[in-house]
2 protein chains.
Amino acid sequence: MRNRAAYSKLTIRDVAAEAGVSIATVSRVLNGRAPIAPETAAKVRAAVERLGFRANRTGRELRAGISRTVGVLVPSLDNPVFAESVTGIQEAARDAGWSVLIASSGYDVERENEAIGNLLSHRVGGLLLTVADADRSATLDTLDREQTPYVLLYNQPDRDDRATATIDNVAAGRDATRALIAAGHRRLAMVAGRFVASDRSKQRHRGFSEALAEARLEQVALIELDFDAVAAFDPMIRAVLTGPNRPTGLFCSTDLLALRIMALLREAHVAVPGEVGIVGFDGIAVGRLMAPSLATIVQPSREMGRRAFQHLLARLEGAAPEQILLPYEFRPGGSLGGTANAPQGE
Amino acid sequence: MRNRAAYSKLTIRDVAAEAGVSIATVSRVLNGRAPIAPETAAKVRAAVERLGFRANRTGRELRAGISRTVGVLVPSLDNPVFAESVTGIQEAARDAGWSVLIASSGYDVERENEAIGNLLSHRVGGLLLTVADADRSATLDTLDREQTPYVLLYNQPDRDDRATATIDNVAAGRDATRALIAAGHRRLAMVAGRFVASDRSKQRHRGFSEALAEARLEQVALIELDFDAVAAFDPMIRAVLTGPNRPTGLFCSTDLLALRIMALLREAHVAVPGEVGIVGFDGIAVGRLMAPSLATIVQPSREMGRRAFQHLLARLEGAAPEQILLPYEFRPGGSLGGTANAPQGE
DNA sequence: TTGTAGGCGTTATCAG
DNA sequence: CTGATAACGCCTACAA
C-alpha cells in the first residue's frame with residue numbers, strides 16, 4: 001500500500017493498487033455500469049473507503065468531452081430575485097448530481113459576453129442565463145449557431161426559438177398597473193430599470209402602457225434608472241413627484257427599485273400610500289416585511305430556476321427549445337393605497 | 001482547413017492546422033510564456049480569432065493538476081448577507097482570472113459535508129466556506145489533514161490555525177447590546193439563529209451576555225430559531241413579548257431575523273420602537289429601507305469576500321493561515337428606540 | 001524559435 | 001467478468 005496521499009491527489013490508480021485490481025475495474029465499480037463480481041466490487045469499495053477517494057471530475061470530463069456542471073449567469077446576486085432563482089437552480093442541479101458555476105454581469109453587456117465566454121471555456125454542459133436583451137445578443141447568436149444548449153431565465157424574447165423559463169412580463173405589467181388604477185389612481189408614472197440593461201423592464205413598461213390605454217389615461221412620467229445608482233436620481237424623482245401634474249400612482253419595474261423609491265419618498269415626506277401608491281415587481285421576500293407591505297407581482301423565481309435547469313437537461317437529450325411561461329401572482333399590499341380590489345394574476 | 005466545428009469543440013489542434021504550426025506553438029502563444037517569433041504569434045492569433053477558439057480549461061486543469069476555480073459554500077443565497085459576500089468573491093475572482101463554483105448547505109451539516117466533497121471532486125484550487133461550526137467540523141479536520149487550502153467567511157473559530165475573514169462577533173454582539181442599553185432598555189432578550197447551525201449566532205449571544213453582565217442586567221429570554229421557519233415560532237415569541245417580565249429590547253442575531261420579527265410584532269400590534277426596541281446584525285441593504293430603519297451591526301460582506309479570496313491566493317503561494325479581522329460598524333436606526341447615543345464600532 | 005512526444009485521471013473499447 | 005490500452009485537450013521537457 002502506497003503512502004496515503006492527500007485526498008485531492010488520489011487517483012483510481014491508487015485505489016486499484018490498494019484493492020489489487022486494475023484501474024478499469026475500479027472505474028467500473030465507481031460508475032456501476034458494467035457487470036462486476038460482487039466480491040470484487042466489495043474489495044474496491046473498501047479500498048475507496050479506506051483511502052477516502054473521490055473521483056476526479058476533471059479527468060472524467062476531459063474524457064467525456066462534457067461536464068455535469070451548469071454555467072449560470074445573473075445580472076447581480078445582490079438582487080434577491082436572482083439569488084432566489086439561483087437557489088432553485090442549485091436545488092435541481094443537486095438532485096441531478098450537477099454542479100453550478102456562477103458569474104454575474106452587473107447588467108453590463110460586455111461583462112455578460114466575457115462571463116459567458118469564461119463559462120464556456122469550462123466546457124460546461126449547458127448555460128442558464130439572464131441577459132440584458134435576449135432578442136439582440138451577439139453572444140446568444142453565437143450560442144445558437146454553435147448549438148450550445150442554454151435556457152434563459154426572466155428574459156422573454158419575442159422570437160420563439162430561444163429556450164426560456166419566465167413569466168409573461170407584459171401581462172404582469174398590465175396587471176400591476178390595473179391594480180393601481182383599480183385602487184383609484186389616475187395619474188400614473190413608472191420607475192424602470194434601464195431598458196438597455198433589461199428587456200424585462202421594457203416589457204413591463206409595455207404592459208404599463210397597455211393598461212393606461214385601456215383606461216384612457218396618459219403616462220405622467222417614465223423614469224429610467226440604472227440598477228445600481230438610485231440615490232443619484234433623487235432630484236429627478238423629487239421633481240417628478242412634486243411637479244404640476246404629479247403622479248399619485250407609481251409602478252416600479254423591480255421590488256428593489258420600489259423599496260428604494262419608498263425610502264426616498266419617506267425622506268422627502270411624501271406619504272406612501274397616502275400621497276402615492278406603489279406597486280413593485282418580483283415578489284422578493286423582504287417586500288412582505290415592509291410597512292406598508294409592498295404590493296407586487298410575484299414571480300416564482302425558485303421554481304423558475306428549477307424548471308430552467310430541468311429544461312436544460314431535456315435540451316441536452318435533444319428536446320426542442322421551449323418557452324416555459326410560469327404563472328405569476330399579484331400580491332396586494334399596503335403600498336398600493338386607494339380602495340383597491342386586487343385583480344387575480346393568471 | 002477543417003470544417004468549422006462548434007466553438008465548444010475546437011481544440012488547439014484545429015488552431016494549429018489553421019495557422020500551419022504545431023500545437024505546441026499554439027499553446028505557447030496562448031500562454032505567452034516562451035519566446036515566439038512575432039509573425040508566428042500573429043498567425044496563431046489570427047487563426048484563433050478566425051475560428052473563435054477558446055482554450056479548454058478542462059484539459060489545462062488536468063494537465064496542471066489544479067484549477068483556477070474556487071469552490072464556494074454558503075449557508076443560503078437567500079440571505080442577502082451571504083449573497084453579498086459571494087459578490088465580493090466574484091469580483092476578486094474575476095480580477096484574478098478565476099471562476100466560481102458555488103454550493104449551498106441550507107445550514108445543514110450533512111449537506112455541508114456533501115457539498116464540500118463535491119467541490120473537491122472538481123479539484124478546485126481552493127475553498128471559501130461558511131460552515132455551521134468552524135471549531136468542530138469533521139470536514140474541516142479532513143481539509144486540514146490533507147492540506148487543502150481554504151478560508152472561512154463569517155466563521156470565527158476559537159482555534160487560530162484556521163484561515164478566516166470575519167469580524168469580531170463577540171465584540172459586535174456586545175456593541176449591539178450596549179446600544180440597546182444606552183437607549184434606555186433594561187429588559188433585554190435575544191432572538192438567535194440556532195446555535196448548532198451557526199457558531200456566529202452563539203458568539204453574538206456571548207457578546208449579548210457580556211454586555212448584560214457589564215450593566216448588571218439579567219437576560220429576559222433567549223429564543224433560538226431555525227433560519228428558515230420563523231412563522232412557526234410566532235406563538236412562542238408572542239408569549240415572550242407579552243409575558244410578565246416582557247422585554248423592551250430585542251437583539252436579533254441576523255437582520256433577516258430582525259425584519260421577520262418586526263413584521264411579526266407589527267401583526268401583533270406591538271409597536272417598534274415604541275414598545276420594543278430592536279437591533280439586528282449583518283447590515284443587509286434592505287434594512288436601511290425599512291420604516292423604521294433597522295439599527296444593526298454592519299459587516300463588510302463584500303470586502304470580506306474579496307479579502308477571503310485574496311488570502312486564499314496567498315495561501316496557495318504558501319502563506320500561513322491568517323485570521324483576518326475586519327472592522328464592523330454600528331449603524332443606528334429608528335428601530336432602536338429610546339434616547340440612544342450610538343456607540344462607535346471598532 | 002519550433003516540433004515531437006509523454007502524461008495528467010478518467011472512461012470505453014477490445015481482448016482474454 | 002477483468003485487464004491492458006487508447007484516447008480526451010492541454011502543457012512542457014527534450015530535441016532539433
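Letters go in sequence order (proteins before strands), and every chain restarts at 1. Values reported hereafter were calculated over all heavy atoms of this structure, with side chains retained and with hydrogens, waters and symmetry mates removed.
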Considering only heavy atoms from C-beta outward, does the side chain of A/V74 approach that of A/V72 to under 4.5 Å? yes
Output yes when A/D78 and B/R302 qualify as a salt bridge under the 4.0 Å nitrogen-oxygen rule, no when they do not. yes
Closest approach to the side chain of B/V21, judged atom by atom: which nucleotide of C/dG3, D/dC10, C/dT10 is it? C/dG3
May I ask you to verify if any side-chain N or O of A/R60 is less than 4.0 angstrom from the OP1 or OP2 atom of C/dG9? no
Who pairs with B/R94 by salt bridge (charged side-chain N to carboxylate O under 4.0 Å, His left out), at least two apart in sequence or on another chain? A/E114
Pick base, sugar-phosphate or nothing for A/A24, based on heavy-atom distances below 4.0 Å to the nucleic acid. base
For B/T139 and B/T142, test the side chains for any donor-to-acceptor distance below 3.5 angstrom and give the result as yes or no. no
State, with a plain yes or no, whether a side-chain heavy atom of B/T40 is found less than 4.5 Å away from one of B/V21. yes
How bent is the helix from C/dT1-D/dA16 to C/dG16-D/dC1, measuring the angle between the end axes built from five pairs each, rounded to 10°? 50°
State which residues pass salt bridge (charged side-chain N to carboxylate O under 4.0 Å, His left out) with B/R162; sequence neighbours excluded, sorted by chain then number. B/D141, B/D144
With a non-hydrogen cut-off below 4.0 angstrom, is A/A64 in contact with a base, only sugar-phosphate, or nothing? nothing
Tell me whether the OP1 or OP2 atom of C/dG3 has a side-chain N or O from B/T25 closer than 4.0 Å. yes
Regarding A/I12, tell me which of base, sugar-phosphate or nothing describes its non-hydrogen contacts under 4.0 Å with the strands shown. base
